[in-house]
Undergrad: 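Got a structure for you, questions after.
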Amino acid sequence: MTAKVIDGKAFAANVRGQVATHVARLKADHGIQPGLAVVLVGEDPASKVYVKNKHASTIEVGMNSFEHRLPAETGEAELLALIDQLNADPAVHGILVQLPLPGHLNSELVINRIDPAKDVDGFHISNVGLLGTGQKSMVPCTPLGCLMMLRDHHGKLAGLNAVVVGRSNIVGKPMAQLLLGDSCTVTIAHSRTKDLAEVCRRADILVAAVGRPEMITGDMVRPGATVIDVGINRIERDGKAKLVGDVHYESAAVVAGAITPVPGGVGPMTIACLLANTLTACCRANGLAEPEGLTA
Ligand code: NDP
């Protein structure tokens, strides 16, 4: 068996297209333009690339993009004051503080200062609580992207056995909550799980969010399962830099029914879902119907 490749790049382009259509309609019918503010503190090279890509994608779908670049030595009070200002600005519907923040800043304090209704990363403690209790919330972008691809591939997810490997607050835990919300039977595995291979082999849906290159191998995959590889790992092989996932693609793809590649799987969906979340936040702020198919 060779797995169907779930093309995240094409899927993300489609999501961005849907967002752009909604944005155009919001402008034409209501004179509203959704706006996303991104705050970057410091000079982390990877963060600078992410922020640049977010800015370009935001403009491309017709939204306003507000970039705030602050020096690495910015104090807590100054950063919190900026967030207060963005919270109060009616042109800003989504706020994202690029993580990681420099060591002297308390990320939790900063994230929890964002108005939960504008928290398009879904990291505010209120959104975490709302998701955990099955209420309407802002959902973290990466797991939302995974959910969209899974719904598209399977139709209904109810009753399927899902195993999420990884229990981080940004991927593993919200992913598990979303799958539970769609009535999967969910197992969360982590570094202390006993016999991980056996646990993984129970999965109809296997989500790998481990941060360890190619750790999930084909012998851990149930024949016909859907494998979602969240991992982004930069390795060197044969003297060349290479991007690989948390799944060993070659061995998993001959067993799985469907699989996301790295690159070109989950990665592109993350920014697409950030734009979808900004649109959703804008619709909610203006008492308008939420875009269908772009929320959890
Ligand atoms: P974290 O490092 O925060 O969490 C990793 C999780 O994996 C932890 O829960 C850890 O368990 C678990 N784990 C580590 N080693 C093992 C092991 N040997 N067996 C079982 N479980 C293990 O990572 P993130 O969740 O932030 O990210 C996961 C991956 O996803 C990374 O590769 C990251 O780059 C990628 N990523 C991709 C995104 C995208 O846009 N596609 C966005 C965000 C992340 P424990 O809790 O017990 O330590």
Side-chain angles (χ1 to χ4, degrees), residues 6-13 15-16 38 44-47 49-54 57 96-101 107-108 111 120-123 128 131 138-150 162-179 186-203 206-217 219-221 227-236 241-249 252 259-277:
I6 300 177
D7 185 347
K9 209 172 156 192
F11 204 101
V15 169
R16 291 198 307 273
V38 175
D44 180 70
S47 293
V49 173
Y50 294 144
V51 167
K52 192 170 151 237
N53 291 344
K54 283 168 188 171
S57 307
L96 180 148
V97 176
Q98 186 65 47
L99 299 176
L101 288 171
S107 302
E108 276 179 23
I111 296 301
V120 282
D121 252 345
F123 296 159
V128 176
L131 178 62
M138 295 306 304
V139 175
C141 303
T142 300
L144 177 59
C146 297
L147 183 75
M148 283 184 189
M149 291 193 288
L150 284 167
V163 174
V164 180
V165 191
R167 56 173 162 180
S168 74
N169 289 333
I170 64 165
V171 187
K173 282 183 201 157
M175 185 75 252
Q177 294 286 8
L178 289 171
L179 291 166
V186 182
T187 303
I188 307 178
H190 46 76
S191 67
R192 311 289 284 273
T193 295
K194 281 188 200 158
D195 200 350
L196 182 66
E198 190 273 325
V199 172
C200 289
R201 278 194 297 269
R202 289 186 223 149
L206 180 60
V207 181
V210 196
R212 291 180 183 265
E214 302 178 326
M215 199 198 89
I216 306 290
T217 44
D219 60 309
M220 300 165 85
V221 177
V227 177
I228 303 289
D229 189 353
V230 182
I232 300 179
N233 306 291
R234 285 170 181 84
I235 62 160
E236 209 179 289
K242 200 171 179 240
L243 205 65
V244 298
D246 292 342
V247 175
H248 184 264
Y249 187 85
I259 189 165
T260 58
V262 177
V266 174
M269 283 299 287
T270 299
I271 291 190
C273 287
L274 172 68
L275 303 172
N277 275 352

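Counting starts at 1 for both ligands and their atoms, in listed order.
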Undergrad: From the options Asn169, Val210, Ile170, Leu99, select the one whose nearest heavy atom is closest to atom 14 (C) of ligand 1.
TA: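 Residue with the shortest heavy-atom distance to the ligand atom: Val210.
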
Undergrad: Nearest 0.5 Å, what's the CE-CE distance between Met220 and Met215?
TA: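 One gets 5.0 Å once the value is rounded to the nearest 0.5 Å.
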
Undergrad: I need the nearest protein heavy-atom contact for atom 42 (C) of ligand 1: residue, atom name and distance, please.
TA: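 Ranking protein heavy atoms by distance from atom 42 (C) of ligand 1, first comes Thr142 OG1, 3.3 Å.
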
Undergrad: Residue-level breakdown please: for Met269 versus ligand 1, do any non-hydrogen atoms fall below 4.0 Å on the side chain, on the backbone, on both, or on neither?
TA: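 Near ligand 1, Met269 shows nothing, with every heavy atom at 4.0 Å or more.
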
Undergrad: Who's the nearest protein heavy-atom neighbour of atom 19 (N) of ligand 1, and how far?
TA: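 Among all protein heavy atoms, the one nearest atom 19 (N) of ligand 1 is Met215 CE, 3.7 Å.
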
Undergrad: Any idea which protein heavy atom is nearest atom 40 (O) of ligand 1, and the distance to it?
TA: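 Protein heavy atom with the smallest distance to atom 40 (O) of ligand 1: Thr270 OG1, 2.8 Å.
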
Undergrad: Which atoms form the tightest heavy-atom contact between Leu150 and Met175, and what is the distance?
TA: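 For Leu150 versus Met175, the nearest heavy atoms are CD1-CE, 4.5 Å.
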
Undergrad: Counting non-hydrogen protein atoms only, what is the nearest one to atom 34 (O) of ligand 1? Give residue, atom name and distance.
TA: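 Heavy-atom neighbour on the protein nearest atom 34 (O) of ligand 1: Ile232 O, 3.3 Å.
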
Undergrad: Is atom CD of Glu198 surrounded by more than 12 heavy atoms (other residues, nucleotides or ligands) closer than 6.0 Å?
TA: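 Yes, CD of Glu198 has more than 12 neighbouring heavy atoms, counting only those of other groups under 6.0 Å.
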
Undergrad: With a 4.0 Å heavy-atom cut-off (strictly under), which part of Asn233 contacts ligand 1: side chain, backbone, both or neither?
TA: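 Answer for Asn233: side chain.
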
Undergrad: Would you name the heavy atoms of Val199 and Lys194 that are closest together and state the gap between them?
TA: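 That would be CG2-O, 3.9 Å.
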
Undergrad: Give me the nearest non-hydrogen protein atom to atom 43 (C) of ligand 1 as residue plus atom name, then the distance to 0.1 Å.
TA: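 Sorting protein heavy atoms by distance from atom 43 (C) of ligand 1 puts Val171 CG2, 3.8 Å first.
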
Undergrad: Can you name the atoms of ligand 1, numbered from 1 with element, that are less than 4.0 Å from a heavy atom of Asp246?
TA: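 This gives 29 (C), 32 (O) as the contact atoms.
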
Undergrad: Check whether any heavy atom of Ala189 sits under 4.0 Å from an atom of ligand 1.
TA: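 No, Ala189 has no heavy atom closer than 4.0 Å to ligand 1.
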
Undergrad: Tell me the protein heavy atom at minimum distance from atom 31 (C) of ligand 1, and give that distance in Å.
TA: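 I find the closest protein heavy atom is Gly211 CA, 3.5 Å.
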
Undergrad: Starting at OG1 of Thr142, measure out to CD1 of Ile232 and round the result to the nearest 0.5 Å.
TA: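 The distance works out to 7.5 Å.
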
Undergrad: Report the distance from atom CZ of Arg167 to atom CG of Asn169, rounding to the nearest 0.5 Å.
TA: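 Here the rounded value is 10.5 Å.
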
Undergrad: Would you mind checking which non-hydrogen protein atom is closest to atom 46 (O) of ligand 1, with the distance to 0.1 Å?
TA: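 Answer for atom 46 (O) of ligand 1: Arg167 NE, 2.7 Å.
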
Undergrad: As an exercise, identify every atom of ligand 1 less than 4.0 angstrom from a heavy atom of Val266.
TA: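 Close to Val266: 41 (N).
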
Undergrad: Using 0.5 Å steps for rounding, measure from the CD1 atom of Ile188 to the OG1 atom of Thr193.
TA: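 One gets 9.5 Å once the value is rounded to the nearest 0.5 Å.
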
Undergrad: Which distance, rounded to the nearest 0.5 Å, do you find between the CD1 of Ile216 and the CG of Asp229?
TA: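 Atom-to-atom, Ile216:CD1 and Asp229:CG are 8.5 Å apart.
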
Undergrad: In terms of atom number and element, which parts of ligand 1 are under 4.0 angstrom from non-hydrogen atoms of Gly166?
TA: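 Those atoms are 6 (C), 7 (O), 9 (O).
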
Undergrad: Return yes when Gly267 approaches ligand 1 closer than 4.0 angstrom through a heavy atom, no otherwise.
TA: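 Distance cut 4.0 Å: Gly267 passes for ligand 1.
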
Undergrad: Give, for atom CD1 of Ile6 and atom OG1 of Thr260, the distance between the pair rounded to the nearest 0.5 Å.
TA: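 The distance works out to 6.5 Å.
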
Undergrad: Taking side chain to side chain contact (heavy atoms under 4.5 Å, CB included) as the criterion, tell me which of Leu99, Val128, Leu96 meets it with Phe123.
TA: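 Running side chain to side chain contact (heavy atoms under 4.5 Å, CB included) over Leu99, Val128, Leu96 with Phe123 returns exactly one hit, Leu99.
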
Undergrad: Looking at non-hydrogen atoms alone, which of Gly8, Ser191, Ser168 comes nearest to atom 45 (P) of ligand 1?
TA: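 It is Ser191 whose heavy atom sits nearest to atom 45 (P) of ligand 1.
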
Undergrad: Tell me, which protein residue and heavy-atom name are nearest atom 37 (C) of ligand 1, and how many Å apart are they?
TA: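 The closest one turns out to be Val230 O, 3.2 Å.
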
Undergrad: Which heavy atom of Asn277 sits nearest to which heavy atom of Met138, and what is that distance?
TA: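 For Asn277 and Met138, the tightest heavy-atom pair comes out as O-CE, 3.3 Å.
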
